Amino acid sequence: MKKIHVLFHDAGGGHRNAAMALQTVISQQNRGWQVELVQFQELTDHLDVLRKITGIRIQEQYNTLLRNGWTLGATQLLRVLQATIRIFHGPLVKLLADFFQKSDADLLVSVIPHFNREIAEAWKRVHPERPFVTLITDIADFPPHFWIEASENQYVICGSEKAVEQARAIGKDATHIFQTSGMILRPDFYVPDDSDPLVLRSELGLRRDLTTGMLLFGGFGSKVMLEIVERLESAKLPVQLIVVCGRNDRLAEEFRRRKSSLPLHVVGFTKEVHRLMRAADFLIGKPGPGSVAEAMMRKLPVILECNAWTLPQERYNTEWVKEKRVGIVLRNFREVANGVRQLLEPASLAEFRRNVGALENRAIFEVPEIFGKLLGESALRQN
């Protein structure tokens, strides 16, 4: 039985989601591979410099920044993190090589940024003949030293033509680049769903006759969601909202306490986002690659913002949305009422829906085929 190790961490929710989606779909396909998920942060805990100073893991500090919207200057913080990684390059490589020596996997997969140079070097030291592949969970890279490295033994899986171009620019040859039709999503987004959206709205306590938006700001929510609701209330627009607060229990409780002139359905952490999206007509959120890909899969136009507070690795996502004409990008969510008003225009909404409907993302089924090629298995499967 072939063994695959998938390295992930919990800075944001997308990396764990990607790892679990891969494990799930490979199990469903009965490929006979043993897929083990490896928490990178736990593996490298004693080298976490910020934890030594503050008592808090890097991933927990990152998630705190997201929860509170403290993302101004994120580019500078990112470069400081990368410089710290370079300082600890040698110890990291040794630690990882020791682990790889004991784990003895046939294929190593990384769904995390920043550390791929160290991972590639350690893997080559222990298993020079075995493949290492980085699955990019952003629509594009944010060079240098984010996803794609010059390491000759790193294969990359790209979800966009932009990422492919970036891989070529750093010197990757065609044999080390694979392109999928989009970002990988959980398999449940592909389960046929013919439920009636209007009935689902009624089940959620919402009106059947109102255009319905979804507020989704990642797995930890965001305080800006409160401001968005207040601005839509003031504009008296004919909309209602499904508000997904994620693991931010305090935010969910604040929404439940307040009296809103808009019909709201408030939910905390849920694995039913794919079902809730069935009841929505559009999505308002941060330009995370997971949220955007999920909205596209559920045929929902998006309203995003892009400014100095936007995480640098997510800024290209807004360019992608504008290029594909699948949504509206605002300079700031203070303009959200105007954005929703524009989206509600019948001609605009129809155009956005046509463009979203033209997209087809089968990445979660394409990636195992790529793994099969890297493992030397030539037979292709139909999905």
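Keep in mind the model is a prediction, meaning the values are calculated, not measured.
In terms of heavy-atom proximity, Ala337 sits nearest to Ala235 at CB-CB, 3.7 Å. Smallest separation of non-hydrogen atoms from His15 and Ile112: ND1-CA, 4.2 Å. Closest heavy-atom contact between Trp147 and Ala140: CD1-O, 4.4 Å.
Side-chain contact between Gln179 and Glu161 is present, with at least one heavy-atom pair separated by less than 4.5 Å. Between Val199 and Arg208, the closest side-chain pair of non-hydrogen atoms falls below 4.5 Å. Using a 4.5 Å heavy-atom threshold, the side chains of Ile370 and Leu374 count as touching. Looking only at side-chain heavy atoms (C-beta outward), Val229 and Ser260 come within less than 4.5 Å of each other. Looking at Arg130 and Asp104, their side chains come closer than 4.5 Å, going by heavy atoms from C-beta outward. Side-chain contact between Ile170 and Pro143 is absent, with no heavy-atom pair separated by less than 4.5 Å. Side-chain contact between Ile184 and Thr137: absent, with no pair of heavy atoms (C-beta onward) separated by less than 4.5 Å. Within the 4.5 Å cutoff, the side chain of His176 has no heavy atoms near those of the Gln154 side chain.
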Trace of the side chain to side chain contact (heavy atoms under 4.5 Å, CB included) decision for Phe371 with Lys2: CA-CA 11 Å; Phe371 289 174; Lys2 297 287 188 180; over 6 Å; no
Full working for side chain to side chain donor-acceptor pair (under 3.5 Å) between Gln39 and Asp10: CA-CA 8 Å; Gln39 225 290 8; Asp10 287 309; 2.9 Å; yes
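Residues passing the ring-ring contact (aromatic ring centres under 6.0 Å, His included) test with Phe178: none are found, sequence neighbours excluded. Partners of Glu272 under the salt bridge (Lys or Arg N to Asp or Glu O under 4.0 Å) rule, at least two apart in sequence or in another chain, do not exist in this structure. For Asp196, the side chain to side chain donor-acceptor pair (under 3.5 Å) test picks out no residue, with sequence neighbours left out. With sequence neighbours excluded, the residues satisfying salt bridge (Lys or Arg N to Asp or Glu O under 4.0 Å) with Lys322 are Glu319. Tyr316 pairs by the ring-ring contact (aromatic ring centres under 6.0 Å, His included) definition with nothing, not counting sequence neighbours. Among residues two or more places apart in sequence or in another chain, the side chain to side chain donor-acceptor pair (under 3.5 Å) test is passed with Ser181 by Glu366. Not counting sequence neighbours, Glu165 has no partner by the salt bridge (Lys or Arg N to Asp or Glu O under 4.0 Å) test. Under the side chain to side chain donor-acceptor pair (under 3.5 Å) criterion, Asn355 pairs with no residue at all, not counting sequence neighbours. For Arg207, the salt bridge (Lys or Arg N to Asp or Glu O under 4.0 Å) criterion is met by Asp209, not counting sequence neighbours. With sequence neighbours excluded, no residue forms a side chain to side chain donor-acceptor pair (under 3.5 Å) with Asp106.
Defined by atom type and a distance below 3.5 Å, a donor-acceptor pair is missing between the side-chain atoms of Ser151 and Arg117. No side-chain donor-acceptor contact under 3.5 Å links Ser348 and Gln342. A donor-acceptor pair shorter than 3.5 Å cannot be found between the side chains of Lys172 and Gln166.
For the pair Arg16 and Phe8, the cation does not sit on the ring face, since its NZ or CZ is not both under 6.0 Å from the ring centre and inside 45° of the axis.
Here Lys259 does not pair with Glu233 in a salt bridge; the nearest charged N to carboxylate O distance is not below 4.0 Å. For the pair Glu121 and Arg125, the salt-bridge criterion is met [side-chain N within less than 4.0 Å of a carboxylate O]. A salt bridge is absent between Glu227 and Lys223: the closest approach of a Lys/Arg side-chain nitrogen to an acidic carboxylate oxygen does not fall below 4.0 angstrom. Using a 4.0 Å cut-off between a side-chain N of Lys or Arg and a carboxylate O of Asp or Glu, Glu323 and Lys162 do not qualify as a salt bridge.
Under a hydrophobic clustering in which Ile, Leu, Val, Met, Phe, Trp and Tyr are joined whenever their side-chain heavy atoms come within less than 4.5 Å, directly or via other members, Val273 and Phe282 fall into different clusters.
Remark: Arg258 CZ is packed, more than 12 non-hydrogen atoms of other residues, nucleotides or ligands lying under 6.0 Å away. Atom CD of Glu203 has more than 12 neighbouring heavy atoms from other residues, nucleotides or ligands inside a 6.0 Å radius.
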Side-chain atoms of residues 300-307: list all donor-acceptor pairs with protein atoms under 3.5 Å, sequence neighbours left out, distances to 0.1 Å.
unit_1	atom_1	unit_2	atom_2	d
Glu305	OE1	Asn307	ND2	3.4
Glu305	OE1	Phe333	N	2.9
Asn307	OD1	Trp309	N	2.9
Asn307	ND2	Arg331	O	2.8

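For residues 90-99, the set of pairs meeting the salt bridge (Lys or Arg N to Asp or Glu O under 4.0 Å) definition, not counting sequence neighbours, comprises Lys94-Asp98.
With Val239 as the partner, the side-chain contact (heavy atoms from CB on, under 4.5 Å) test is satisfied by one option alone out of Leu344, Asp281, Leu343, Ile284: Leu344. Looking at Leu37, Leu135, Ile4 one by one, the single match for side-chain contact (heavy atoms from CB on, under 4.5 Å) with Leu22 turns out to be Leu135. Partner Trp123 forms a ring-ring contact (aromatic ring centres under 6.0 Å, His included) with one of Tyr155, Phe115, Phe100 and no other, that one being Phe100.
Atoms OG1 and CZ, on Thr270 and Arg275 in that order, are 9.0 Å from each other to the nearest 0.5 Å. One finds the CE atom of Met296 at 11.0 Å from the CG atom of Leu185 (value rounded to the nearest 0.5 Å).
A donor-acceptor pair under 3.5 Å links the side-chain atoms of Asn361 to the main chain of Met183, judged by distance alone.
In this pair, Tyr190 and Phe365 present their aromatic rings perpendicular. The plane angle is above 60°, beyond the 30 to 60° band.
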